[in-house]
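Here's the structure we're looking at; comments come further down.
In each ligand, atom 1 is the first atom listed, and ligand 1 is the first ligand listed.
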Amino acid sequence: MQELRQEEKAKLDRYLIDFDTDNLPCEFYDVVIIGSGIAGVYTALSTPRNAKVLIITKESIEINNSVLAQGGIAVSLDQNDSPSLHFKDTLYAGAGLCDETAVNALVTEAADNIATLCLYGVNFDRDDDKRLSLTREGAHSMNRIIHTGDATGKEVCDTLVSAVSGLDNVTIREQTFAIDILTEDGECKGVLTSNEDGTKLKAYFAPVVVCASGGYGRLYSKTTNPEVANGDGAAIAYRAGAELMDLEFVQFHPTVLFHPDNQNFLISEAVRGEGALLRNNKGELFMEQYHPMKELAPRDVVSRAIFQEMQKTGSNHVFLDITHKDKQYLEHRFPMIYKTCLSYGFDMSKDFIPVAPCQHYSMGGIKTDEWGRTTVRGFYAVGEAACNGIHGANRLASNSLLEGLVFGRRIGLQVKENLNQIKMREGFKPKISYKKQWKDTDIDVLSMISKLQSIMNLNVGIIRSKESLCTAMEAIDKMKNDVDGVKVVHTQFMELKNMLTLSSMVVKAGLLREESRGAHFRSDFPASDDKNWLKNIVFQGGFQNA
Ligand code: SIN
């Protein structure tokens, strides 16, 4: 793997806040998991019942990105399908950048993990013969998406949270903000946390810490992600010296409702899987001009096609047309989407739905191997927070919940294998402290966050260029200077610092990748550079200005 490491050697602040573990309240666990989406909760369920596990989440347990997943989970169950076809489709969508070992694990372990979900009681839709119903999404060559109506993520998360809540070995702490992981001699020893307003610090010590805190969609104001998804996990990992990879690959979902009062509501790709067509503002079909798979082309292709069509016709949206299906069918197959569209005045059985692309998923994140191990000993990452290479430059639809399951279980298996060694460290309290001379400056955190999000929307979107990326970099650098060395007084300020750390690396990676590949499209380098290309752009943690 060709990797690029930054030359800048100025050290980043190791921690966001002063502390001394000698003076902090603390608790001891075998495993601490940061995040309560499918990846975090399934990892907890996959650890042995004699491991003492803690899940921390900065909001309440049901606030996460997995809950919002509509479409479903990809798994090759059809008699004409196979893990090798799923593998091939994943690699095709990933535009040459997937890690084949990790993808192989994903597709071959999919069915087993889905069987486990069924045992937990997840109520997937079934056909008349009681077999799991399979639908299609973009870039899949077969029908292989299992689903629960259009609220698959909620059904899976509700079931798993109820299972984990019944376990004696798992503790859940909500409204608990992970400030930083605690490290000693380059090894992870636990997590430093605070309560909601940042006033009460606490240390949770554990030899295994798993980051499942989600992606960095909230670097953009136009996103389908919930407010919690601002890339805290990647920033925490980076300060602790872990590597981050593929940050330039940000996925824009093609079809998000476009309405003056709502531009964040996803209209699942499964709607196109069930036959919906895309029309420009003149009512014309256009996808045939862009890709032979038309509406079901890879997601990056469809988003770019819509973007170009909007530019050509001078419109801020296109239309999704599923009027050939009747009301009864739509109300049953897509109950939430049907109801939500209706509440904005669109009856899907009669009206075209205005849609536009919007940020949806982060392919990049904390670099891991195919067992979820980061480059910091004892520290793991899973789900959208991680980057193990399965998505490459563009994630195949409905591979993300599956990723949380497959790699969550793999982390659980490792905890099982190493439990004796883990247990030997029970109650071990490292002495870690940090103190720095901070400035007391007033910062308008909320206005800085919204300024950053607009900069990212405008300059680091579906189509970028050196000029737009440099504009973003200049503005972000200025904001970083404004907050550098300023004492954090509440968690929102910590989030802002995390967002600035991460956005500057997203932009830097975008500048370094002088080609177009998958979700990263440079108008000044419109082709893939298969000769000189940088396979993965990796940032070594711990330094300023990556
Ligand atoms: C969707 O339902 O379109 C989203 C599914 C995904 O992000 O994989």
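- Side-chain contact of Glu309 with Asn280: a donor-acceptor pair under 3.5 Å is present, judged by distance alone.
- Remark: side-chain polar atoms of Asn388 are paired, donor with acceptor, to backbone N or O of Ile390 under 3.5 angstrom.
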Which N or O atoms of ligand 1 sit under 3.5 Å from a protein N or O, and how far apart is each pair?
{"unit_1": "ligand 1", "atom_1": "2 (O)", "unit_2": "Gly71", "atom_2": "N", "d": "2.8"}
{"unit_1": "ligand 1", "atom_1": "2 (O)", "unit_2": "Ser268", "atom_2": "OG", "d": "2.7"}
{"unit_1": "ligand 1", "atom_1": "3 (O)", "unit_2": "His253", "atom_2": "NE2", "d": "2.8"}
{"unit_1": "ligand 1", "atom_1": "3 (O)", "unit_2": "Glu269", "atom_2": "N", "d": "2.6"}
{"unit_1": "ligand 1", "atom_1": "7 (O)", "unit_2": "Arg299", "atom_2": "NH1", "d": "3.0"}
{"unit_1": "ligand 1", "atom_1": "7 (O)", "unit_2": "Arg299", "atom_2": "NH2", "d": "3.4"}
{"unit_1": "ligand 1", "atom_1": "7 (O)", "unit_2": "His360", "atom_2": "NE2", "d": "2.7"}
{"unit_1": "ligand 1", "atom_1": "7 (O)", "unit_2": "Arg395", "atom_2": "NH2", "d": "2.7"}
{"unit_1": "ligand 1", "atom_1": "8 (O)", "unit_2": "Arg299", "atom_2": "NH2", "d": "3.4"}
{"unit_1": "ligand 1", "atom_1": "8 (O)", "unit_2": "Arg395", "atom_2": "NH1", "d": "2.8"}
{"unit_1": "ligand 1", "atom_1": "8 (O)", "unit_2": "Arg395", "atom_2": "NH2", "d": "3.4"}
{"unit_1": "ligand 1", "atom_1": "8 (O)", "unit_2": "Ser398", "atom_2": "N", "d": "2.7"}

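- Screening Phe352, Phe258, Phe307 for a ring pair (Phe, Tyr, Trp, His ring centres under 6.0 Å) involving His317 leaves a single residue, Phe258.
- Surrounding CD of Glu227 are at most 12 heavy atoms belonging to other residues, nucleotides or ligands under 6.0 Å away.
- With 3.5 Å as the limit, one finds a donor-acceptor pair spanning the side chains of Ser398 and Glu137.
- With no hydrogens or angles considered, a side-chain donor-acceptor pair links Thr323 and Asp321 at under 3.5 Å.
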